[in-house]
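Per chain, numbering begins at 1; letters A, B, ... match sequence-line order.
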Amino acid sequence: MIPALEARSLSLVRDGTTVLEDVSFTVAPGEIYALLGGNGAGKSTTLLTFLGFLAPSCGSVLVNGRAVAEDVDGARSAIAYLPEAASLYGHLDAYENLGYFLDLAARKVSRAAMDEALDQVALPREARGRRMQSYSKGMRQKTAIALALLRDTPILLLDEPTSGLDPVAIDEFHDMLKGLADAGRSVLMVTHDVYGACQVADRVGLLRGGRLVGSFEAAAGERIDTETVHAAFAAREAA
Amino acid sequence: MTALLREARFMLRDRGAMVWIALALLLSAAATGFGIAEVRDQRATIAVLLEEDAKDRANAISKYDAWGDAAYDAFHLTYAPPSKLAFAALGQRDTAPWLHRVRMLALEGQIHEADTRNADFGLIGRFDFAFLAATVAPLLLILLLHDLRAGERVAGRHDLLVATAGRALRLWLPRAGMRFAALALALLLPFWAGALVEGAPALQVLAASGLVLGALLVWWLIVEAVGRRPGTPAALLAALVGIWLALALILPAVAKTAIEASHPVPDGAEILMLQREAVNDAWDKPKAATMEPFLARHPEWRAHGTVDKPFEWKWYYAFQQVGDMQAEPIVRAYREGRLARDRAAGIAAFLSPASLVERGFERLAGTDTQAMIGYEDRVRAFHAELRAFHYPLLFRDPPYDPLAFEKLPRYQPPR
């Protein structure tokens, strides 16, 4: 089976600094892969290479088996990207924002479908027609997640997706992600939330200083053991 | 088309962009309105003077019984009516004279005594549509487009936008294109309305619109080249305003100074003084000092060229013409110098889109240096006709007959 996402010996040097070094992993269709790491570990950078914003210095990144460098358009059209602290347009309301971005992605979506996605992320109905500049951070994040859902792409790249969400919303979000994976979508999420990653991911990769220093996989029907990952994470960070 | 509609809807919700576009519409309407008011004022002035012109002349002629007296008191209106596109570019009409009431006297002083009219406009320039399109519009375009990318980077939306659009061009081209089109329309709509009201020829309006779009396109490329660079919106704006200052203001000013220094030209006042002194001195000179050079130019009057009395009209008008003849070298230098400066300015304009647009508009509107010199030449030709009409009467001195003035030449502006 062709992996939805694949990093092959990915290295990246920016301004003389090695940001990523020999990182390799795959994300299978229907799999949730979480990249864990502290600040500056190279998590977001890894996502940006899959989107073609950063070109690998060495190695390659592939989306659906095609090198991103050869087909950036194809890669981007297969991916819904949720940046960290996604900032949509404050002078537009949620519907207008969704409409604008979906139109940009050449996707026509009805108001009912938007409402359905916004219901899924539990954005209050009365807020949807208000300008987003009045939204809380969590409400903005929920709208951005709804956008990623409405893109209806086979792959989701999520950068700290639960940032700003309350605990209940985080649980709901995790359930939603699992549902998406069950429906065959691949998810690569980067986070420093060990607990969250272990709750939702099928596999967890541990990044430190641009190197993939650990990998954890859930046993069939089980969750990844949080304490094991946390211990590895803490040990590596301390190191 | 979908992308343009999307960006049109988006732009309509962007208060900042709409403010600049509304300002462009307002400024364009104001510039067009001022221009139309000015050319209508000029036409009204011409119409009033035209109405009085024949009446005044008839009065002057009827008062006298000598050819010389009648010629002396008769004024003849000459004028360059504003073209139908002049409302958009008043150009040299602000500094070069376009209306005279000439007499049979020495001409050059009469032409150039009005040279210093509206000197203030010569210095600061007038706020007409050409100035707006050439100088102000690029600044509005810069304000609209400078932060397309940088603004999104600062807001943290850039990567999401580009990743969603797939290709950067699918996003930035329609977004910038829509703003460009909105600005161009805001500028051109009042201009087109003005052109319709004034009855300007469609081809000229089309060419003028092409100039506006062409200049904006050049500025779009400049903004695009700078706007792609990394940097904050403020830094990019500062860089672009610097380029605008250099291309729209500093470079033309430096070029003007350099051209004036390298092409010295006598001014109109010098011509006026030289010609008047020549005429005034003639009173104190022997008659022959006037008649010899005059008859050398007009040998056809040699048989009638003797001046016996202390005052004869033919001598009086001869020394008027000799005054012009003495001023000829400086007049030629002035004319050629202005044309040489204009040619040099035409070449220098290729360094500045703003100058190129202004010159293009002035050419189309017939308000450029060449058009104004053309008018002066027509005044000279008309004055030569006046002399050709009067000299047989003055030199042959037939019995005075006011009916002869029915054949007096009339100035006709070119159609």
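Side-chain atoms of A/S87 never come within 3.5 Å of backbone atoms of B/G156 as a donor-acceptor pair (strictly under, hydrogens ignored).
Interface summary for chain A: among B/R157, B/R15, B/R170, the most heavy-atom pairs under 4.5 angstrom belong to B/R157.
The minimum heavy-atom distance between A/Y81 and B/L160, with the atom names listed, is O-CD1, 3.2 Å. Taking all atoms of both residues into account, the shortest heavy-atom contact from A/L104 to B/L171 is CD1-CD1, 3.7 Å.
Using non-hydrogen atoms only and a strict 4.5 Å limit, the part of residues 52-67 of chain A facing chain B consists of A/F53.
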Stepwise side-chain contact (heavy atoms from CB on, under 4.5 Å) check, A/L51 with B/D159
CA-CA 9 Å; A/L51 290 165; B/D159 290 351; 5.9 Å; no
Start with the C-alpha gap between A/Y89 and B/D14, add the side-chain angles, then the distance that decides, and say whether side-chain contact (heavy atoms from CB on, under 4.5 Å) holds.
CA-CA 10 Å; A/Y89 288 104; B/D14 183 345; over 6 Å; no
Check the pair A/R76, B/T164 against side-chain contact (heavy atoms from CB on, under 4.5 Å), reporting the backbone distance first and the verdict last.
CA-CA 7 Å; A/R76 287 176 182 168; B/T164 307; over 6 Å; no
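With a 4.5 Å cut-off on side-chain heavy atoms, A/Y100 and B/L161 count as touching. Between B/T2 and A/K108, the closest side-chain pair of non-hydrogen atoms falls below 4.5 Å. Residues B/R167 and A/V72 form no side-chain contact, since every pair of their non-hydrogen atoms from C-beta on lies 4.5 Å or further apart.
Interface residue A/E96: only side-chain heavy atoms are found under 4.5 Å from chain B. Using a 4.5 Å cut-off between heavy atoms, A/R151 touches chain B through its side chain atoms alone. Proximity to chain B (any heavy atom under 4.5 Å) is shown, for A/L88, by both the backbone and the side chain.
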